[in-house]
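Reminder, nothing fancy here: chain letters follow the sequence lines and each chain counts from 1.
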Amino acid sequence: MLRPILQRLGSAAVTLFLGSALLFLVLEVLPGDPAAVMLGLEARPDTLAAVRAELGLDQPALLRYLAWVGGMIQGDFGLSYTYRVPVADLIAERLSLTVPLALLAILISTALALPLGTLAAAKHGKAADAGVMLFAQLGVAVPNFWIGLLLILLFSLTWPLFPVGSFPGWGDGLLPGLRALFLPAVALALPQAAILARVTRAAVLEVMGEDYIRTARAKGLSNRRILIRHALRAALLPVITILGLQFSFLVAGAILVENIFALPGLGRLLYQAMNQRDVIVVKDVAMLLAAFVILVNLLVDLAYLWLDPRLRRGA
Amino acid sequence: MRYTYFIRTVSVLATLLISPAVLAQAGGPGTLTLAMPIEPPNLDPTSAAAAAIREVTYRNIYEGLTRIDRTGAVQPALAESWTLAADGLTYIFKLRPNVLFHNGSPLTSADVKFSLDRARAPDSTNAQKPLFEPIAEVSTPDPLTAVITLKRPTGLFLWNLGWGDAVIMSERNIATNKTNPIGTGAFKFASWTRGDRIVLEKNPAFRDAATVKLTKVTFRFISDAQAQVSALKAGEVDAMPNLGAPELFEAFQKDARFKTVAGNTEGEVVAGFNNARKPFDDVRVRRALTQAVDRKALIDAAYNGSGQPIGSHFSPSQPGYVDLTGVLPYDPKAAKAGLAAAGYPNGFTATLRMPQMTYARRAAEVLAAMFQDVGVTLKLEPIEFPGQWLDQVFKRTDYDMTIVAHTEPLDLGIYARDSYYFNYQSTELKTLMADVAATSDTSQRLALLGQAQRRLAEDAPALFLFLLPKLGVWNAKLTGLWENQPIPANDVVDVAWQ
Amino acid sequence: MRRHLSLWIGLALAGSTMLLALLSRLWLPADPLRMRIPQRLQPPFGSAGSLGTDAMGRDLAAQLMVGAWNSLSVALAAVAVGLTLGVALGLLAALKRGWVEALVLRLSDLLFAFPAILSAIVLAALIGGGAGTAVLAIGLFNVPVFARVTRAASLAVLTQDYIRAARLSGKGRFRLAWDHVLPMIAGGLIVQATIQLALAILTEAGLSFLGVGIAPPNPSWGRMLADAQTYLTRAPYLAVLPGTAIALSVLGFNLLGDGLRDWLDPKAGPR
């Protein structure tokens, strides 16, 4: 049991290391002088020198890299070049939005996809199946930023059920925050739900053909009970895998959706920092988002170990 | 049967999440949430040019000796009265007693001397340094009296002291005012969530605290025009002093929950040439390109037809305005001939650094299309306003062309400065502007201003496009917001809910 | 016919997108950049009989056609980048095993952790947006996808008896890959490439929507959508047309990919 876990932890650590090295290389070493990127090409030499000293750019790249990684591990992300405040503070403010947004989106997509996929499998070849498959195809084809716009038009402007362009935070309790995040979470969740529904349907269909299901049916268990007890449980494994694989799309989607809904999350911070050429914030936020993806995939791997006894023996 | 439970749960959840469709105050009673398209880079209006700084801090946080009110008139502020000596050179300002900075220290004439001396010092980074140039000396006979001696009579001096760049600060707070502004105004700084909002709270120690109705003011920064509208309609924002996309204004005009005001600004939308760079150093090229622009069509496409065409750098709402849109009228054939005469029969390629504001992006696209008709290829390069723009275009003049609204009032003097981002040099204009400053006779001054406008129209150091309107939208129950914008400001001291 | 329904629908949708894109190089109903400002905001099928004009008075049909070309060129280039690098890495991993394989797998994990929009923003902070940035960002994200598919498929092929025989006969590893492995896995790669093409079109639209994709004034579907936002109530067709174009072409390439899979491997069944 321990060996495969350690193996996966090791892989994730190596990936994280490679990721930080890549980002550092692209943003700080390849352009030659990050101060020149931030200040523009014709910056005055004295300004450049001052910024270089402030950012510690006169140090060799390897030392700077180690200082960056070491700082991040201790929660010190450096100073934002634009705002002159610690990047860690900027990030902390936004995590309280982006993490709940992502979780809500995952919740909505699974809550939609599991019943729809199971339904499609149960009614295999019938109209309901075709309907779910159509939803699945359209769901991945329609851009989520377009869905976001339509949701705003329908449920904020025409029929003002949900706020838009504001996040009250969690200070006033759970509901105001959830209300503000609901529409963006739906926009994020729909494409995910489409993919998950397809996977659920395929997995359930596969399980339904297996012997033990036939036995259960022969024993007189009702169709619905078989579906929920056996088939859905077996489908959980592929669904979790896909959830993990899709997490990077969730991160990408959050960048778009936060911008459409004017939500102060990590994605909007990254986008603003890009426009301001605040290389420090871009580097930190990009690393954080990539680390999220890597960690979620690690968690999925570990969950897989837990759920699939064949793998537990270290095969 | 199970499904009914499911449906019941869902409907309970739905009612919990859904609230009735009433346009409430965004932040509760006594609070105001106001949205702006651009976030200020810092909160010190005496050290940087961005209008957004003034749009948060003017009168709300910082005050000057005088202030400019909603009609553009000069009012007493920190100075309760003043006298001008017969020589026309010595102003004696009586300061209001018992004025406290937000950190509790009292305002004295020493702060006035410090602030004005700092603004006119050789190493000053004040964006309007020339406003302070006429000052010869500031002296402080007693803590509540400041005496300003001028080098020469300056007609607009009291008005100049009302600018956001002339506010009075305490020396102790200079280092931190950018992030934690300490002024004397009715509101004090509470918090700044970068990229999202700045919150001000009512200053209980303010001298007229009883007349200030708001307890909390939130400035939200929403750059996307559609998001601005959504936030207004959803009641998340109470007021949008200047709507980003004019085509959205009509929808609010029909909505009784909102008050809509199409007011004036002093914002001339100007596409600046880098007059030091080829081929824009040639006046024939600049004049030809002016003739390539159909201002009426540009306003239609870029600002949905609202906005007044201008032929020079002067607002039609100011006295002394001369309509010069006919000096270089739209005439693509003449433009082509002019370019050929300047040695560019096949046109040329240039880059326009385009800020992200909706009006700027659209006007830039229209300009590119109109230039194409006369053989000039304009490449559009996005640039972030204000940070990147101030740094690269304004400070370092690393650009061919750019486009931006100049929101300061009566600011055609910028073309007479030795170094300004247009890199335009004209001794004639410099003489004219010096004469304007030294002339106290109004009709004579206005005549000189007219000559200066004409000089600019003919020299075309920039493309003078149109005057930016102020399309204000706010909750119909709000009173006291400015309808026009004589200077860059969102003065909310007199704002109240009905 | 019924059996290959998704193949045919996909072929029709993806085919018409490609035809429109190609046609735009030969013929356009109007100059897509030409602004006829007095004729701005004309609805589709109005007096002119075309698809109408945008807020600047530019012809929408022409913009959509050039947008198809721009969108497809970015998507194709990006998938080509991902395919070339990914297949090379995947084959290398399958043939060499050991630490090479481990490195390729970590590299895949790594690139996979940077969704295209994230890398596009990182690149745009350095070199600005544009078609090149979009191709690079989407292409990099495609590398791990193809590397994983190639590795898995090649490992399966390499266990077959005839490969062992070929290996025993003294064929070099790369000769082996070229002669025997690639032809066997080509079908699967084509299917994957078609699906990735759909995803690339979608991502490019997102990048252009954010303003880091195809640079203005060059038309792109994503930016047409972004520009349409403020006209939603007044001219909804401005959002409907490019949105539909994106959705139909993505749907087309997805269905085409699914259909190809069924056609190449009928036993696998619809998934």
Side-chain angles (χ1 to χ4, degrees), chain A residues 11-12 14-19 22-23 26-27 30-31 34 37 133 137-138 140-146 149-150 152-153 157 191 198-199 201-202 205 245 248-253 255-256 259-260 267 270-271 273-279 281-283 285-286 289-294 297, chain C residues 6 9 102-103 105-129 141 195 198-199 201-203 205-207 209-212 221-222 225-226 228-229 232-233 236 239 242-244 246-255 258 269-271:
Chain A
S11 300
V14 172
T15 314
L16 274 174
F17 158 73
L18 286 175
L22 182 77
L23 262 178
V26 169
L27 282 171
L30 288 187
V37 172
M133 287 304 275
Q137 284 291 358
L138 286 178
V140 281
V142 178
N144 56 6
F145 49 91
W146 202 38
L149 285 178
L150 288 178
I152 292 176
L153 189 65
L157 302 185
R198 257 181 103 162
V199 173
R201 172 181 174 275
L205 272 182
L245 284 176
S248 66
F249 291 97
L250 203 67
V251 166
I255 297 175
L256 274 166
N259 274 296
I260 293 166
L270 179 72
Y271 180 69
M274 169 201 80
N275 284 324
Q276 296 157 342
R277 299 225 163 180
D278 191 335
V279 171
V281 173
V282 168
K283 188 175 63 177
V285 178
L289 291 177
F292 273 148
V293 176
I294 293 169
N297 279 298
Chain C
S6 59
I9 299 178
L103 189 70
L105 285 176
R106 290 296 76 73
L107 210 62
S108 300
D109 285 354
L110 167 66
L111 291 175
F112 193 73
F114 286 91
I117 289 189
L118 183 57
S119 17
I121 287 184
V122 169
L123 290 172
L126 272 185
I127 54 172
F141 188 73
I195 292 170
L199 194 60
I201 293 174
L202 200 60
T203 313
L207 292 181
F209 184 86
L210 274 183
V212 289
W221 292 343
L225 254 184
Q229 284 186 77
L232 271 183
T233 43
T244 313
I246 297 169
L248 285 184
S249 57
V250 174
L251 184 66
F253 282 101
N254 267 331
L255 287 174
D258 286 357
R271 288 200 54 197

Point to revise | Leading residue by heavy atom contact count with chain A [cutoff under 4.5 Å; candidates C/Leu123, C/Leu199, C/Leu202] | key: C/Leu202
Review point. At a heavy-atom separation under 4.5 Å, does A/Ile260 approach chain C through its side chain, its backbone, both, or neither?
Key: side chain
Exercise for review: Show the numbers, then the answer: is there a side-chain contact (heavy atoms from CB on, under 4.5 Å) between C/Ile9 and A/Gln137?
Suggested key: CA-CA 12 Å; C/Ile9 299 178; A/Gln137 284 291 358; over 6 Å; no
Study note, to complete from the structure: In short, C/Ile127 meets A/Arg277 closest at the heavy-atom pair C-NH2, 4.2 Å
Review point. At their closest point, which heavy atom of A/Ala286 faces which heavy atom of C/Val122, and how far apart are they?
Key: CB-CG2, 3.7 Å
Review point. Is it the backbone or the side chain of C/Phe112 that comes under 4.5 Å from a heavy atom of chain A, or both, or neither?
Key: both
Exercise for review: Heavy atoms only, distances under 4.5 angstrom: which of A/Gly267, A/Ala291, A/Pro143, A/Ala12 has the most pairs with chain C? Name it, please.
Suggested key: A/Pro143
Point to revise | Side chain to side chain, A/Ile255 and C/Leu210, heavy atoms closer than 4.5 Å | key: yes
**Study point:** For chain A, the option from C/Gly222, C/Pro242, C/Ala205 that forms the most heavy-atom pairs under 4.5 Å
**Key:** C/Ala205
Review point. Given the rule in the side-chain contact (heavy atoms from CB on, under 4.5 Å) test, do A/Leu23 and C/Phe114 qualify, once you have shown the distances and angles that lead to the verdict?
Key: CA-CA 10 Å; A/Leu23 262 178; C/Phe114 286 91; 3.9 Å; yes
Review point. What is the distance from atom CD1 of C/Ile117 to atom CG of A/Leu270, rounded to the nearest 0.5 Å?
Key: 10.5 Å
Point to revise | C/Ala116 versus chain A, the contacting section by heavy-atom distance below 4.5 Å | key: neither
Check your understanding: Is there a side-chain contact between A/Phe145 and C/Leu225 (heavy atoms, below 4.5 Å)?
Key -> yes
Check your understanding: Most heavy-atom pairs under 4.5 angstrom with chain C, which of A/Leu256, A/Val282, A/Leu289?
Key -> A/Leu256
Review point. Looking at C/Leu105, C/Leu251, C/Ile201, which makes the most heavy-atom pairs under 4.5 Å with chain A?
Key: C/Leu251
Revision key, fill the gap. Bottom line for A/Leu245: the part with an atom under 4.5 Å from chain C's heavy atoms is both
**Study point:** Proximal component of A/Phe249, with respect to chain C [non-hydrogen, under 4.5 Å]
**Key:** side chain
Check your understanding: Do you know which of A/Val142, A/Ile294, A/Leu149, A/Leu153 has the most heavy-atom pairs under 4.5 Å to chain C?
Key -> A/Leu149
Point to revise | Under 4.5 Å from a heavy atom of chain A, the part of C/Ala124 involved | key: both
Exercise for review: Return the option, out of C/Pro115, C/Ser108, C/Ala226, with the maximum number of heavy-atom pairs under 4.5 Å with chain A.
Suggested key: C/Pro115
Practice item. Could you tell me which portion of A/Val285 (side chain, backbone, both or neither) has an atom closer than 4.5 angstrom to a non-hydrogen atom of chain C? Key: neither
Exercise for review: Answer yes or no: is there a side-chain heavy-atom contact under 4.5 Å between A/Asn297 and C/Asp109?
Suggested key: no
Review point. Roughly how far apart are A/Leu18 CG and C/Leu107 CG, rounded to 0.5 Å?
Key: 7.0 Å
Check your understanding: What part of C/Leu207 lies closer than 4.5 angstrom to a heavy atom of chain A: side chain, backbone, both or neither?
Key -> neither
Check your understanding: Top residue by heavy-atom pair count (under 4.5 Å) with chain A, among C/Thr203, C/Ile121, C/Ile246?
Key -> C/Ile121
Check your understanding: Would you say the side chain of A/Val140 lies within less than 4.5 Å of the side chain of C/Val250, judging by non-hydrogen atoms?
Key -> no
Point to revise | 4.5 Å side-chain heavy-atom contact, C/Asp258 and A/Arg198 | key: yes
